[in-house]
Amino acid sequence: MIHHVSLGTNDVARARAFYDPLMALIGFRVLKSSSRAVHYGASDIVFSLETPADGRPASAGNGVHVAFQAPDRETVRRFHRTAIENGGSDDGAPGIRAQYNANYYGAFVRDPDGNKIEAVTYTARESFGL
């Protein structure tokens, strides 16, 4: 079982401006933050953005991405749209990814530091209407 995942950032304030609205969409909030890191979760920290401990610039890992579970397809679309509106870049528009599973509905974006993130759901439900 994974306890938490951290990605590197070169600018914590910029990372928060990007991630705060995305994390709210999937039910996470800031649990702890400082000038060097921000930590998200519901009750325990599960996702963090941190400046590298070695003092070198953060860089995105080739082949690395973090997928966040979404409750429905509308949340996947909102996640993608919100990411783009907050400085991210498209890395795969919302849609079915049949190569993974017939019900795999996901969207991929790059955050302002170049980290690849995804929102995904296996449900065919369009929206919970929240």
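In this text, all values refer to a predicted model and were calculated from it rather than measured experimentally.
Residues Gly8 and Ala58 come closest through the heavy atom pair C-CB, 3.6 Å. Between Val76 and Gly106 the shortest heavy-atom distance is CG1-C, 3.8 Å. Across all non-hydrogen atoms, the minimal contact from His4 to Ser6 is CD2-OG, 3.7 Å. When all heavy atoms of Val12 and Ala37 are compared, the pair lying nearest together is CG2-N, 3.7 Å. The shortest non-hydrogen separation linking Ala42 to Gly27 is CB-O, 4.0 Å. Considering every non-hydrogen atom in both Gly92 and Asp90, the closest pair reads N-OD1, 3.0 Å.
Hydrophobic clustering (side-chain heavy atoms under 4.5 Å, transitive across Ile, Leu, Val, Met, Phe, Trp, Tyr) keeps Ile45 apart from Val5. Under a hydrophobic-cluster definition in which Ile, Leu, Val, Met, Phe, Trp and Tyr are linked whenever side-chain heavy atoms come within less than 4.5 Å, directly or via other members, Tyr104 and Ile96 are assigned to different clusters. Using a 4.5 Å cut-off between side-chain heavy atoms of Ile, Leu, Val, Met, Phe, Trp and Tyr, with links allowed through other members, Val38 and Ile26 fall into the same hydrophobic cluster.
Using a 4.5 Å heavy-atom cutoff, the side chains of Thr82 and Phe18 are not in contact. Between Asn101 and Tyr122, the closest side-chain pair of non-hydrogen atoms falls below 4.5 Å. The closest side-chain heavy-atom distance from Val109 to His80 is below 4.5 Å. Side-chain contact between Arg14 and Tyr19 is absent, with no heavy atoms from C-beta onward closer than 4.5 Å. Inter-residue side-chain proximity for Asn10 and Thr51 is flagged as unmet; no heavy-atom pair is nearer than 4.5 Å. Considering only heavy atoms from C-beta on, Tyr105 comes within 4.5 Å of Arg77 through its side chain. With contacts defined as side-chain heavy-atom distances shorter than 4.5 Å, the pair Thr121/Arg73 qualifies. Between Val66 and Asn115 there is no side-chain heavy-atom pair separated by less than 4.5 Å.
Residues satisfying the side chain to side chain donor-acceptor pair (under 3.5 Å) criterion with His65, sequence neighbours excluded, are Glu118. By the side chain to side chain donor-acceptor pair (under 3.5 Å) test, Asn103 is found to be paired with no residue, residues two or more places apart in sequence or in another chain being considered. In this structure, Tyr40 has no ring pair (Phe, Tyr, Trp, His ring centres under 6.0 Å) partners at least two apart in sequence or on a different chain.
Salt bridge status for Asp72 with Arg125: absent, with no side-chain N to carboxylate O gap under 4.0 Å.
Residue-environment remark: CD (Gln69) stays at or below the threshold of 12 foreign heavy atoms within 6.0 Å. Within 6.0 Å of atom CG in Asn62, 12 or fewer heavy atoms from other residues, nucleotides or ligands are found, so the atom counts as exposed in its surroundings.
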Exercise. Kindly determine whether Val30 and Arg16 satisfy side-chain contact (heavy atoms from CB on, under 4.5 Å), including the steps that lead there.
Key: CA-CA 9 Å; Val30 173; Arg16 281 203 62 181; 3.5 Å; yes
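Separation of atoms OG (Ser33) and CD (Glu50) is listed at 12.0 Å; rounding is to 0.5 Å. Rounding to the nearest 0.5 angstrom, the gap separating the CG atom in Leu7 from the OG atom in Ser48 is 9.0 Å. Interatomic distance, CE of Met23 versus CZ of Phe68, reported as 3.5 Å (0.5 Å rounding). Here CZ of Arg78 is found 10.5 Å from CG of Leu22. Values are rounded to the nearest 0.5 Å.
Side-chain N or O atoms of Asp111 include none that pairs as donor or acceptor with a backbone N or O of Ile117 at under 3.5 Å.
Checked against a 6.0 Å centroid threshold, the rings of Phe47 and Phe28 do not count as neighbours.
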